[in-house]
Amino acid sequence: MHTEKTLILIKHDGLARNLLGKIISRFEETGLKIVGMKMIWADESLAKKHYVLDETWAKNVFEKTKTTHEREGKPFTYKDPLEFGRLIQSWNSEFLREGPVIAVVLQGPHAIEVVRKFVGSTEPRQAAPGTIRGDFAMIESYAIANSKARVLRNLVHASDTPENAKREIELWFSPNEIHNYKKEIDKYF
Ligand code: UDP
Ligand code: MG
């Protein structure tokens, strides 16, 4: 069984820039099925639970950001992945609460992988044209965001693993908000 569910958040910058329709269209056009969708203005508890500070996530964020800084010859002064993770988590949770976001659950074959591909690299500047971050936010970079001590405004969140997808869907949706219905395309999968 290759069917998966994944959570997308269209962050507040997507809404502020009038990109909701375009971003949702991208996901619809993949053939994946929208099985849940709503507008939510997260409180602090939800935001903190969403960007949970575990060591693996912190190390990953630290390494990605450090590598990019080094490649560009920019100073990266943080030494401790957990300390850096804590900082990003607090920026993230503030950003998530800047205004309402759109939460979407998509379902279909390889949904987690397909969606991450469409979303593109975390840093929009590195995201390929054709991806959501590449097409709509490419002027955004680590260099600018970190120098201004603010979050990378990259339009979309997408679950990255089956474990995180399950955890995040349960966090943002109750079971009766996820809808099970058939579409013509289902017979092929
Ligand atoms: N982020 C940031 N600065 C950083 C690293 C991450 O602002 O140096 C933000 C960015 O908005 C990103 C989010 O933290 O989307 C979560 O980071 P993650 O590594 O999980 O990236 P994603 O899965 O969103 O591509
Ligand atoms: Mg992530």
Side-chain angles (χ1 to χ4, degrees), residues 4-17 19 23 26-27 42 44 46-72 74-99 101-106 111-128 130-172:
E4 294 173 341
K5 284 193 185 72
T6 189
L7 179 88
I8 311 301
L9 299 177
I10 306 177
K11 305 188 205 180
H12 191 65
D13 52 339
L15 190 150
R17 293 191 43 215
L19 291 169
I23 294 173
R26 292 279 172 106
F27 293 125
E44 190 172 358
L46 176 58
K48 287 246 155 70
K49 283 185 198 148
H50 177 76
Y51 284 116
V52 67
L53 185 67
D54 73 59
E55 212 168 315
T56 320
W57 177 80
K59 273 194 184 138
N60 192 8
V61 173
F62 179 84
E63 287 307 327
K64 267 200 292 194
T65 313
K66 186 164 174 258
T67 309
T68 306
H69 278 71
E70 284 169 355
R71 203 171 49 219
E72 293 174 4
K74 298 248 162 50
F76 185 73
T77 48
Y78 300 94
K79 300 264 176 294
D80 175 13
L82 262 186
E83 182 205 332
F84 184 68
R86 221 172 279 125
L87 176 70
I88 298 297
Q89 192 212 29
S90 73
W91 289 352
N92 270 332
S93 94
E94 258 172 53
F95 179 39
L96 253 195
R97 291 159 50 225
E98 189 174 290
V101 303
I102 303 294
V104 182
V105 178
L106 287 164
I112 297 166
E113 180 189 327
V114 168
V115 163
R116 295 282 298 184
K117 230 182 252 176
F118 269 77
V119 167
S121 291
T122 303
E123 185 192 28
R125 180 183 182 180
Q126 292 183 57
T131 64
I132 292 166
R133 288 169 174 170
D135 283 354
F136 300 128
M138 209 188 252
I139 59 170
E140 172 67 315
S141 66
Y142 283 125
I144 297 169
N146 290 344
S147 73
K148 293 193 174 267
R150 63 161 177 78
V151 80
L152 210 53
R153 299 175 75 89
N154 57 10
L155 299 170
V156 185
H157 164 82
S159 309
D160 58 355
T161 61
E163 299 69 38
N164 282 337
K166 183 172 183 303
R167 185 182 67 79
E168 292 170 3
I169 291 168
E170 286 171 2
L171 197 57
W172 289 84

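Heads up: numbering here begins at 1 and tracks the sequence. Order of appearance sets the numbers: ligands from 1, and atoms from 1 within every ligand. None of these values were measured; they are calculated from a predicted model.
Comparing Arg153, Lys64, Lys66 against atom 18 (P) of ligand 1, the shortest heavy-atom distance belongs to Lys64. Heavy-atom proximity to atom 12 (C) of ligand 1, evaluated over Asn154, Leu152, Val156, is greatest for Asn154.
Aromatic ring orientation, His50 versus His157: perpendicular (interplanar angle above 60°, classes split at 30° and 60°).
Under the 4.5 Å side-chain criterion, counting only non-hydrogen atoms from C-beta, Trp172 is in contact with Leu9. Side-chain contact between Trp57 and Val52 is absent, with no heavy-atom pair separated by less than 4.5 Å. Taking the side chain as every heavy atom from C-beta outward, Lys11 and Val151 never approach each other to under 4.5 Å. By the 4.5 Å heavy-atom criterion applied to side chains, Phe118 and Ile8 are not counted as neighbours.
Checked against the 6.0 Å centroid criterion, the rings of Tyr142 and Phe76 do not qualify as a close aromatic pair.
Within ligand 1, the atoms closer than 4.0 Å to a non-hydrogen atom of Lys11 are 11 (O), 15 (O), numbered from 1 in the order shown. Listed by number with element, the atoms of ligand 1 under 4.0 Å from a non-hydrogen atom of Thr65 are 4 (C), 5 (C), 8 (O). Every atom of ligand 1 with a heavy atom of Phe84 under 4.0 Å away is listed here by number and element: 8 (O).
Ligand 1 lies nowhere less than 4.0 angstrom from a heavy atom belonging to Asp160.
Distances between N or O atoms of Trp57 and those of ligand 1 include at least one value under 3.5 Å. Note: an N/O pair closer than 3.5 Å links Thr122 and ligand 1 by distance alone. Looking at ligand 1, you won't find any N or O of Trp91 less than 3.5 Å from one of its N or O atoms. Residue Asn92 places at least one N or O, backbone or side chain, under 3.5 Å from an N or O of ligand 1. For Arg133, a nitrogen or oxygen atom sits less than 3.5 Å from a nitrogen or oxygen atom of ligand 1, counting backbone and side chain alike.
Salt-bridge annotation for Lys49 and Glu170: absent, with no side-chain N of the basic residue lying under 4.0 Å from a carboxylate O of the acidic one. A salt bridge between Lys48 and Glu44 is present, with a side-chain N of the basic residue lying under 4.0 Å from a carboxylate O of the acidic one.
Within the 4.0 Å heavy-atom criterion, the part of Arg116 lying near ligand 1 is the side chain and not the backbone.
The OG1 atom of Thr122 sits 6.0 Å away from the CZ atom of Arg116 when rounded to the nearest 0.5 Å.
Looking from atom 5 (C) of ligand 1 to the surrounding protein, the closest heavy atom is Val61 CG1, 3.4 Å. The protein non-hydrogen atom at the shortest distance from atom 1 (N) of ligand 1 is Ile88 CG2, 3.7 Å.
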